[in-house]
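Just below is one structure, and these are the notes that go with it.
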Amino acid sequence: MIEQILAESLKNVLNQLYNIDIQADKSLIQKTKKEFEGDFTIVVFPYVKAARKAPDAVANEIGNALVENLSHFSTTDGIEGSLVAFNVVKGFLNLSISDSFWLNFININADNQYFGKEANIDNCPTLIEFSSPNTNKPLHLGHIRNNLLGNSVALILEACGRNPKRVNLVNDRGIHICKSMLAWLEYGNGETPESSEMKGDHLVGKYYVEFDKHYKAEIEELKAQGMSDDEAAKQAPLMLKAQEMLRKWEAGDEEVRNLWQKMNGWVYAGFDETYRRMGISFHKTYYESNTYLLGKSLVEEGLKSGAFFRKEDNSVWVDLSADGLDEKLLLRGDGTSVYMTQDLGTAQLRYEEFHPQKMIYVVGNEQNYHFDVLKLVLGDKLGKEFGKNIYHLSYGMVELPNGKMKSREGTVVDADDLMNEMYSQAKDSTEALGKHDFSPEEAEKLYEMIGIGALKYFILKVDPKKNMLFNPEESIDFNGNTAPFIQYTHARIKSLLRKAADADINTNVCNPNIKLQNTEKEILKNLYSFPQIVANAGANYSPALIANYAFDLAKDFNGFYQSCPIFKEENADLRTLRLVISKMVASVIKQAMALLGIDVPEKM
């Protein structure tokens, strides 16, 4: 990267001129703001005191030395150029790179389908756990953010030369699963996905809501008999039956286990359909029913070592008060597991299978405390080194204009319903633009691409740490910071390239001696920054950096297209240059959107 070359030269110049020793850090080199002349900027104020001169004097001395030292340079990827001029604005040193550098860059990379990606340099995998659904309900809007974030981070890490492994942990056991099972037994009358013509996950979710409705009615009845709220919640017959079912499940009761397998099978078939439509896949899926026993053995290990302690009711706890937390339950008094139990076992199992350098958990920020505990228990209390390499990729909640969602009350927005709505909105919006030159099959594929792309982009363009409000209508806007705007820009460029091909116009290599206009140079600089954007997104686990880069690039191209006519340009070299730039913009848009799991159409 040219920034590193400039940083190395700056280090040498500062040492020669002022005996100042700095690290050759490319972060010292910034992109020049559009309102100023230049390509890269150096802030000289940090060196003024040691140089004992005014800021402008220091900037001019550094600028002259850099121009002399960089009269010719070559980057590691073979792009040659020179530093040709500089200007000083109130202590800011703005550097101008030769046009030949930017033209060499576009000629080398216009057809490079791997531009912005690093070769795989990392055999030691990074595990990324995401999705983690419960088998008592379908995937909903909150799961969508989780899935899209986890999948995109995996794609970005792969582009950064890492070796990501996508893993899923299905929460297939516990009291919440028993609630759905019990409600189906009590009120289901043998209903199945086939008899109801419902997806299996939706059917099971229906009975989770049914349990809550009857459970609340029982609580009210007990309260009317004089019980307190807390006592009524504990003594309600349905809850007692669900707890008994959980004990039977853990004891291996054949009848309970058979029902559990049947209903979970319905759910898995439903999940598979949803994952397929979202473009989500996993290297391995773990099930809590297979890991909680290993978690129990780790709890026993901690008891023997004195890291954990048992209370009078036989429950097992860990004391983390010295670490600024509190006491944490690891095993209930009746011997049944809690979430922490199975997370301990799952982490151990993954380490044994993959030996990852890092385990990333994509989980909402309401579980921050849980993962603080998990890292402390594994790393400090149990002495597992891999526990110290756990990273919680915490993200904010997704809300709708009408407020929060609640699964047990049936007020969630199902992922399937939302994707259907996005398809319908994409269809309506596209047809409103008067696009009717598609076969029915092509149109259906396009509406799906636009609708699902709009959903993914709207979710991923927001920094993961922030809460967000999802508005389906806003996400499908063809003129805003949306996937349809970016997808339309890509399709527009592909149309230009088809027109050029029909006219037999060269779109492969441009004249390396042509003079660039500012608009052309700005978009080339934007293209040049793509590898660094990908690297930053990987370092910060933030697809939002990629999403907003793609939008900026599409927006810049539309400005470039308006100010730099292509087919009306009489100069053949300029026309070719603009077509080659257009081709690379389309390529980078496609690659950037692919890192978000979004497809782009050839025509719209």
Side-chain angles (χ1 to χ4, degrees), residues 129 131-140 143 167-196 198-215 218 236-275 282 284-297 299 331-346 349 407-408 410 412 414-415:
E129 179 195 289
S131 197
S132 303
N134 296 332
T135 57
N136 64 325
K137 55 191 175 186
L139 302 177
H140 56 63
H143 288 114
V167 297
N168 189 2
L169 174 64
V170 177
N171 304 303
D172 66 338
R173 57 162 299 282
I175 191 67
H176 50 295
I177 310 300
C178 291
K179 290 176 181 179
S180 295
M181 293 163 57
L182 180 61
W184 183 84
L185 281 177
E186 296 277 340
Y187 317 113
N189 298 314
E191 185 177 23
T192 67
E194 292 74 24
S195 68
S196 63
M198 289 179 70
K199 279 179 79 229
D201 51 339
H202 287 249
L203 178 64
V204 173
K206 167 186 170 182
Y207 285 100
Y208 184 60
V209 174
E210 195 72 15
F211 176 93
D212 190 65
K213 182 178 73 175
H214 288 273
Y215 174 50
E218 288 183 351
L238 269 178
M239 181 57 72
L240 294 176
K241 287 181 180 179
Q243 290 169 344
E244 176 61 21
M245 181 178 277
L246 177 60
R247 283 189 286 271
K248 286 183 176 181
W249 184 94
E250 293 213 4
D253 182 273
E254 184 176 359
E255 185 177 347
V256 170
R257 287 287 181 125
N258 287 340
L259 174 62
W260 170 74
Q261 288 178 344
K262 177 169 68 175
M263 293 183 70
N264 275 356
W266 296 343
V267 173
Y268 298 146
F271 284 172
D272 285 346
E273 283 186 49
T274 308
Y275 285 139
F282 301 96
K284 180 156 188 175
T285 296
Y286 294 86
Y287 300 90
E288 282 191 2
S289 55
N290 295 330
T291 63
Y292 80 103
L293 290 176
L294 179 55
K296 283 187 173 184
S297 70
V299 172
L331 207 62
R332 296 187 185 95
D334 62 2
T336 56
S337 305
V338 294
Y339 276 122
M340 186 59 64
T341 321
Q342 47 253 21
D343 273 354
L344 292 171
T346 304
L349 184 59
S407 298
R408 63 173 59 92
V412 300
D414 289 333

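- Considering all non-hydrogen atoms of both residues, Gly205 and Pro138 come closest at CA-CD, 4.0 Å.
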Could you go through Tyr292 and Asp343, starting from their C-alpha distance and side-chain angles, then the distance that decides it, and tell me whether this counts as side-chain hydrogen bond (donor to acceptor under 3.5 Å, both in side chains)? CA-CA 8 Å; Tyr292 80 103; Asp343 273 354; over 6 Å; no
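- Two residues are said to be in side-chain contact when any heavy atoms from C-beta on lie closer than 4.5 Å; Pro193 and Met198 fail this criterion.
- Ion pairing between a basic and an acidic side chain is recognised when a charged N comes within 4.0 Å of a carboxylate O; Glu250 and Arg332 show no such pairing.
- Once rounded to the nearest 0.5 Å, the distance linking CG of Asn134 with NZ of Lys179 reads 11.0 Å.
- When all heavy atoms are compared, the tightest approach of Asp201 to Gly270 is OD1-CA, 3.5 Å.
- Scanning all heavy atoms of the two residues, the minimum distance from Ile177 to Asn136 falls at CD1-N, 3.9 Å.
- To the nearest 0.5 angstrom, Leu185 atom CG is 10.5 Å from Cys178 atom SG.
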Listing, residues 236-246 side-chain donor-acceptor contacts under 3.5 Å, not counting sequence neighbours, or none:
from	atom 1	to	atom 2	distance (Å)
Lys241	NZ	Glu186	OE2	3.2
Glu244	OE1	Arg247	NE	3.3
Glu244	OE1	Arg247	NH2	3.3

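- Sorted by first and then second residue, the side chain to side chain donor-acceptor pair (under 3.5 Å) pairs with a member in residues 255-270 read Thr135-Asn264; sequence neighbours excluded.
- With sequence neighbours excluded, the residues forming a side-chain contact (heavy atoms from CB on, under 4.5 Å) with Glu191 are Trp184, Ser195, Ser196, Leu203, Lys206, Tyr207, listed by chain and number.
- The cationic atom of Lys284 (NZ for Lys, CZ for Arg) does not lie both less than 6.0 Å from the six-membered ring centre of Phe282 and within 45° of the ring axis.
- Once rounded to the nearest 0.5 Å, the distance linking NZ of Lys137 with OH of Tyr208 reads 5.5 Å.
- Contact of the Lys296 side chain with the Leu344 side chain is not registered, since no non-hydrogen atoms from C-beta on lie closer than 4.5 Å.
- Checking side-chain atoms of Asn171 against main-chain N and O of Ser132 turns up a donor-acceptor pair under 3.5 Å.
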| message | Working note: Val170 + Thr285, criterion side chain to side chain contact (heavy atoms under 4.5 Å, CB included); need CA distance, chi angles, decisive distance, verdict. | response | CA-CA 7 Å; Val170 177; Thr285 296; 3.6 Å; yes
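- The NE2 atom of His176 lies 11.5 Å from the CE atom of Met181; values are rounded to the nearest 0.5 Å.
- Separating the CG atom in Leu169 from the OG atom in Ser131 is a distance of 10.0 Å, to the nearest 0.5 Å.
- At a cut-off of 3.5 Å, with distance as the only test, a side-chain donor of His214 or Glu210 sits close to an acceptor on the other residue.
- Between the side chains of Tyr286 and Asp172, no donor-acceptor pair is found at a separation under 3.5 Å.
- When side chains are defined from C-beta on, Met263 counts as touching Leu259, because their heavy atoms get closer than 4.5 Å.
- There is a side-chain donor-acceptor pair under 3.5 Å between Thr274 and Lys199.
- The closest side-chain heavy-atom distance from Pro133 to Phe271 is below 4.5 Å.
- To the nearest 0.5 Å, atom CZ of residue Arg173 and atom CD of residue Glu288 are 6.5 Å apart.
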